[in-house]
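Quantities reported herein were computed from a predicted structural model and do not represent experimental measurements. Numbers restart at 1 for each chain; the letters A, B, ... are given by sequence-line order, proteins then strands.
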2 protein chains.
Amino acid sequence: MSTVTIRDVARRAAVSVASASRALNNHSSVTPATRQRVIEAARALDYVPHLGARSLSRGRSNTIGVVLPDLFGEFFSEIIRGIDYAAHRRGLQLLLSNMHGSADETELAIRAMRGRVDGLLVMSPQVDAEFLGRNLPKGLPAIVMNAAASDGTHPTIAIDNLAGAREAVAHLVAQGCKRIAHVTGPRGNADADARRAGFRAAVTELLGADAGIEIEGDFSEASGIDAAWQILSQRPHIDGVFAANDMMAVACMATLAEGGMHAPDDVAIIGFDGVPIAQYVTPALSTMALNLAELGERALEKLVAITESEDQVEATTEMLKPELVIRASSRRHA
Amino acid sequence: MSTVTIRDVARRAAVSVASASRALNNHSSVTPATRQRVIEAARALDYVPHLGARSLSRGRSNTIGVVLPDLFGEFFSEIIRGIDYAAHRRGLQLLLSNMHGSADETELAIRAMRGRVDGLLVMSPQVDAEFLGRNLPKGLPAIVMNAAASDGTHPTIAIDNLAGAREAVAHLVAQGCKRIAHVTGPRGNADADARRAGFRAAVTELLGADAGIEIEGDFSEASGIDAAWQILSQRPHIDGVFAANDMMAVACMATLAEGGMHAPDDVAIIGFDGVPIAQYVTPALSTMALNLAELGERALEKLVAITESEDQVEATTEMLKPELVIRASSRRHA
DNA sequence: GGGGCGCGTGTAACCGTTTCCAAGCGCCTC
DNA sequence: GAGGCGCTTGGAAACGGTTACACGCGCCCC
C-alpha cells in the first residue's frame, strides 16, 4: 500500500504534523525553509494525501454526487458530459449513481452519498416531489433536474416539455398533417407524461380530438419499432408522427420505411431531445432539440452557487426551452 | 445539516456507540432487544451513516475509480454503462474522472483517487506503460484498459486493434476495392496508432503499398468531414474508406454523399468500434464492432477479483477481438 | 529595559466510524 | 460453591488528516 501518511512526512522533515500539513496546503505562516524541507520529504516518500481523511476533517469533499435514472444512450451521456465539463473547471470530482429506474434505488443511491459529497444533482423523472422532499438529506445542497414538480425547497432545472410538445405538433400541422400519432414515453415518467399532455392539448386545439392517436412506448428503440408496426396497420392512414424521444423516432422511421411509408412524403416525423444521432439518419430527423450538455453544466453551476452562498437559497425553477429543429424528416414539399 | 451521528443514536437508545455500530451493521452478538432499540432510535432520528468516516475506519470505501480520457460520445458512454452495470450488481459506487486527453491530468486524476477508492480502472490510450508504472499507486489494485502496452505489473484488457484493422481492409479488398483511404485517429493515441499499423500492413500485403493513402483525423466528427473533402479531390479516385472510428466514418460518409460519392456503389466504407449510431445511418455503416459495455463489465469484474484475492496477481493481458459487421455501406452488389 | 505583539511551531482535540480488548454477568459443570 | 466459559456490553484506540490554542522567541516602542 502506498501507505505513507503525513506523519511519515513530518518525521522525515523533522517537523510536527501540523507544520507538515500547513506546508503542504500552502497555508499561511510557514518558513520558506520548513516548507521546502516538507515538500522535499513528501516528494521523496511519494506522499499522496488520503482524501477520505481530509474530507472527514475538513468537512468537505470536493465531490458532487450525481444521481441519474439510467446511463443508457446519448440522452444521459450528454448530460454527464455537461456536468463533467463544469465540474472539471472547478476541480470537482463526480460520484456517479444510477438508480436503474427504481424509486427504492433512488433512495438507496441518495443515502449512499452522505458524507462523501458536498452537493447533489438529482434527476429522477419517475419520483414525485413528495418523495424527494422526504429523501433528500436536509443539510445537503441539491439541485433537482427535471422533476415532476419542485418540492418547493430545492432549486430545479426542468425541461419545458409541455411547450415543446405543442410546438412539435404545431409544426406537423403546419406541414399539412391531418392525422397524427404520438409515440409516448413510459407512464409515470414526468417528461413522458408532460409531452403526452402537450400533444393532447395541441391536437385537440388545432385539429380536433379525433385527429390524434397515442401509441404506448417506453423511450426504447424496441418500442419505436413496435409503434411503427401499429402505425402501418392504421386506417385511415397516419400522416404525422411525434415521438416522445429521438431514439424511438429513429427506430420508428427506419421501420416505417421498411413497411413502405417513407418520410417525409408519406409521413412527417419529429422526435424530441435533439441527440446527436438525429442528424445522421436518413432522412435527417426533425426534433425538439435540448442542449443537454448545457443543462448539466447549468445544474452544476447552480449547485456550486448555492454551496458557496451562506444564506438561504430560494427554490427557483429554471425552464429549459426546447428548440424546434426542422430537418428532412418533416419537411413537406408543400 | 443532517448532522446526526452515531453518537446521537447511541444516546437516544441508551447504549454505547460501540453497540450502536454493531447493531446497525448486523454484527454478531447484540441482543435482539438492543438491536431493536438502536434501530428505532436511528429511524426516529433519520440517521444516515457518514460513509466517508466509515471508509476511513474500515479501510475500504466500496467505491472504484474510473479514469477515462474523455466523456464524449457513445464510445465512452457504452464503456461506462458496462462498468456501471457490473458495479451496481456488486453494490459498488463509481468515482468518475476525466483527464481530458492530457497526461498531466491523468496523473492528477489518479492522485485524486487515493483514499477514496478500493481500486482503479484506467483507460488512457495516450500514455505509455512507463508512465502508468510510475503513477499508479503501489498498493492500489488497478486494471489498465486498452493501454499502449502493459506495464508488466497491472492486468490489462486491450482491444486487438491490429487484427481488427487488417480484417477491415481485407473485407474492403474482398468487395473489390483497389485504392483505399484510411482516416486515422490522432497520433500518439495507442488505439489509433495500432489501427494505422494494421491498415498499412494489410494494404501492403494485399494490394501493394501504393494502394493505401492515409488522411489524418482525430476521431472527431469534424475531422471525418475534412477527410471527405480530401477524398473527393483525390485522383485517381478512392473506392474504399476505412475510418479509425465510427464517428468519423459516419460524418465522412454523409459528406461524401453530398459531394456525389455514394456508398456503397461509388465507395465502400467501414468504421471501427460498433457504436449504436452506426446501424441507423443510411446506408447502415459496416464496422469492426466492439462490445464496449462488455469490455467495461469485464474490466470491473477483473478488478473485483484481484481486490478480493489476497495473493499476488499476475499481470495478464486479455484481448478483446473486434467482430466484422457487414452492413450496407460496404456491401458491393458484385 | 520591560511589556506587548507577531510570527513560527508544536500539542492535542476533533471529524464519525469501526473494532480490539477488557470487563460484567449469568449459568453450567465439576 | 468456585472456577470457567460464553455472551453482551462499554471504553478507548485507531483511521489520516486539519486546525484551535498555547507557547517560545525576537523585535519594536515607549
N or O in side chain of Ser16(A) less than 4.0 angstrom from dT11(C) OP1/OP2: no
Side chain of His50(B) (C-beta onward), nearest among dG16(D), dG16(C), dT9(D): dG16(C)
Nucleotide dC15(C), atom C1' - distance to CZ of Arg114(A) in whole Å: 11 Å
Nucleotide dT18(D), atom P - distance to CG of Leu56(B) in whole Å: 12 Å
Salt bridge Glu301(A)-Arg90(A), side-chain N to carboxylate O under 4.0 Å: yes
Residue met sooner reading DNA chain D from 5', once Ser57(B) and Val15(B) are mapped to nucleotides: Val15(B)
Between P of dG16(C) and CE of Met113(A), the distance in whole Å: 20 Å
Leu24(B) CG - dT18(C) C1' separation (whole Å): 12 Å
d(CZ, Arg11(B); P, dG10(D)) in whole Å: 14 Å
Nucleotide of dG17(D), dC15(C), dT8(D) approaching Thr5(A) most closely (side-chain heavy atoms): dG17(D)
Distance below 4.0 Å between Arg54(B) side-chain N/O and dG16(C) OP1 or OP2: no
Side-chain-base donor-acceptor pair under 3.5 Å for Arg22(A) and dG10(C): yes
Spacing of Arg58(A) atom CZ relative to dG16(C) atom P, expressed in whole Å: 16 Å
Residue whose closest nucleotide on DNA chain D lies nearer the 5' end, Pro32(B) versus Asn25(A): Pro32(B)
Polar side-chain atom of Asp118(B) near backbone of Ile64(B) as donor-acceptor pair, under 3.5 Å: no
Of the listed nucleotides dT18(C), dG8(C), dG10(C), the one nearest the side chain of Thr31(A): dG8(C)
Distance test, side-chain N/O of Ser21(A) to OP1/OP2 of dT18(D), below 4.0 Å: yes
Sugar-phosphate only, base, or nothing, as touched by Ser19(A) at under 4.0 Å among non-hydrogen atoms: sugar-phosphate
Side-chain N or O of Thr34(B) closer than 4.0 Å to phosphate OP1/OP2 of dT9(D): yes
Rounded distance [0.5 Å steps], CG in Leu140(B) versus CD1 in Ile110(B): 9.5 Å
Distance in angstrom units between Arg7(B) CZ and dT18(C) C1', rounded: 11 Å
Nearest to side-chain heavy atoms of Ile6(A), which nucleotide of dT18(D), dT9(C), dT8(D): dT18(D)
Main-chain N/O of Ala190(A) paired with Asp193(A) side-chain donor or acceptor, under 3.5 Å: no
Under 3.5 Å side-chain donor-acceptor pair for Ser55(B) and Arg116(A): no
Any His27(B) side-chain nitrogen or oxygen under 4.0 Å from OP1 or OP2 of dT19(C): yes
Rounded interatomic separation in angstrom, taking CG from Asp8(B) and P from dC15(C): 11 Å
Atom of Asn98(A), atom of Glu105(A) and distance for their closest heavy-atom approach: O-OE1, 4.2 Å
